[in-house]
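Notes follow the structure.
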Number of protein chains: 2
Amino acid sequence: MTHFGEYVRTCRERLRAADPRFSVRQVAARIDVEPAYLSKVERGEVAPPSEATTVKLAAELGEDPDMLLALAGKVSSDLQEIIKKRPRLFADLIRALKAAPDKAVLRLVREVRDGNW
Amino acid sequence: MTHFGEYVRTCRERLRAADPRFSVRQVAARIDVEPAYLSKVERGEVAPPSEATTVKLAAELGEDPDMLLALAGKVSSDLQEIIKKRPRLFADLIRALKAAPDKAVLRLVREVRDGNW
DNA sequence: CGTCATGTGTCGTATATAGTACACAGGCGG
DNA sequence: CCGCCTGTGTACTATATACGACACATGACG
């Protein structure tokens with residue numbers, strides 16, 4: 001769908017330049033998948049991995065898990081759980097923010113963080 | 001998982017008391033599934049239907065689609081799309097709001113609706 | 001009393017998801 | 001030149017998802 005694999009490969013090769021432990025085989029071993037599978041994932045020959053595997057991969061590459069999950073076409077299940085507990089509330093909020101500029105959303109995040117309630 | 005089926009059955013029977021067109025068979029026909037399947041869904045014998053079918057069902061029963069999807073253990077794909085476009089931003093916001101009282105979330109919704117940006 | 005609609009039990013299936021297992025060619029280091 | 005690590009091609013599989021098709025017993029109704 002997206003360039004998930006391409007992105008992962010770029011990240012991995014960049015890390016590899018400084019550390020040979022970031023080969024396909026060794027990374028695959030650390031995130032508990034077969035090397036051939038990771039290879040296919042990086043070349044987009046198969047769909048992006050499951051949420052669990054994607055999160056492990058993000059940790060391995062030092063990338064943001066939510067961002068990598070998004071590239072994989074997924075939304076973290078813990079976020080989904082939060083939404084499912086108050087569907088109407090969160091549905092309204094998210095749809096209302098669909099067209100809002102980043103700055104506005106960011107401001108809301110800060111506002112909430114500062115315990116503004 | 002939850003009492004999705006139970007809830008649907010209750011809604012349907014309530015409507016049926018006023019209108020005989022809300023039998024399992026007729027509702028099933030209107031949302032394009034087999035009666036036997038809807039029956040099993042309502043009794044929790046099988047998992048809740050797909051997003052598309054759940055949304056049709058919500059419309060048929062006059063229920064909120066996001067709420068019914070939540071009962072089905074799902075989050076509307078259009079919400080997921082919004083989140084996936086700005087994963088870090090929305091992830092932060094949603095997690096920050098996890099423990100916030102309904103009132104606070106509601107206030108944010110209004111704030112945004114009033115074009116506060 | 002026949003028929004018509006109702007709910008439901010049984011069995012089967014198509015598609016997607018998320019990988020594994022194995023083998024093989026190429027390059028590099030000693 | 002040999003062993004080792006590298007990436008990758010091919011083939012297969014297990015589990016979940018989301019239903020359909022058909023048959024059958026039951027009860028109301030005209």
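Letters A, B, ... mirror the listed sequences (proteins, then strands); counts begin at 1.
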Enumerate all atom pairs, one protein N or O and one N or O from nucleotides 13-15 of chain C, separated by less than 3.5 Å.
none

**Item:** Spatial distance of atom OG1 (A:T10) from atom CD (A:E42) [nearest 0.5 Å]
**Value:** 9.0 Å
**Complete:** On DNA chain D, more 5' by nearest nucleotide between B:A36 and B:V46 is B:V46
**Prompt:** Just one of A:R86, A:R88, A:R95 clears the salt bridge (Lys or Arg N to Asp or Glu O under 4.0 Å) bar with B:D66, so which one?
**Reply:** A:R95
**Asked** Is any side-chain nitrogen or oxygen of B:S50 closer than 4.0 Å to OP1 or OP2 of D:dT17?
**Response** no
**Message:** Using OP1 and OP2 only, check whether a side-chain N or O of A:R16 sits under 4.0 Å from D:dC5.
**Reply:** no
**Prompt:** Within the pair A:S23 and D:dC5, is there a side-chain N or O less than 4.0 Å away from OP1 or OP2?
**Reply:** no
**Request:** Please assess A:V27 against A:R16 for the test side chain to side chain contact (heavy atoms under 4.5 Å, CB included), listing each intermediate value before the final yes or no.
**Result:** CA-CA 10 Å; A:V27 170; A:R16 193 189 192 184; over 6 Å; no
**Message:** If the cut-off is 4.0 Å, is B:R43 near the phosphate of C:dG9, judged by side-chain N/O to OP1 or OP2?
**Reply:** yes
**Asked** Less than 4.5 Å apart, any side-chain heavy atom of A:F22 and any of A:C11?
**Response** no
**Prompt:** Taking OP1 and OP2 of D:dA11, is either one under 4.0 Å from a side-chain nitrogen or oxygen of A:K40?
**Reply:** no
**Prompt:** Taking OP1 and OP2 of C:dG19, is either one under 4.0 Å from a side-chain nitrogen or oxygen of A:T53?
**Reply:** yes
**Item:** Within-4.5 Å side-chain heavy-atom neighbours: B:V75 and A:F90
**Value:** no
**Prompt:** Which atoms form the tightest heavy-atom contact between A:V41 and A:V46, and what is the distance?
**Reply:** CG2-CG2, 3.7 Å
**Phosphate OP1/OP2 of C:dT8 contacted by B:R9 side-chain N/O (<4.0 Å)** = yes
**Item:** Side chain B:S39, main chain B:P35, donor-acceptor under 3.5 Å
**Value:** no
**Complete:** Heavy-atom closest pair (B:Y37 atom, B:A47 atom, distance to 0.1 Å) is OH-O, 4.2 Å
**Request:** Name every residue in residues 25-35 of chain B that has at least one heavy atom under 4.0 Å from any atom of DNA chain C, in order of residue number, or write none if there are no such residues.
**Result:** B:R25, B:Q26, B:P35
**Test side chain to side chain contact (heavy atoms under 4.5 Å, CB included) applied to A:L93 and B:L97, step by step** = CA-CA 11 Å; A:L93 179 61; B:L97 285 170; 3.4 Å; yes
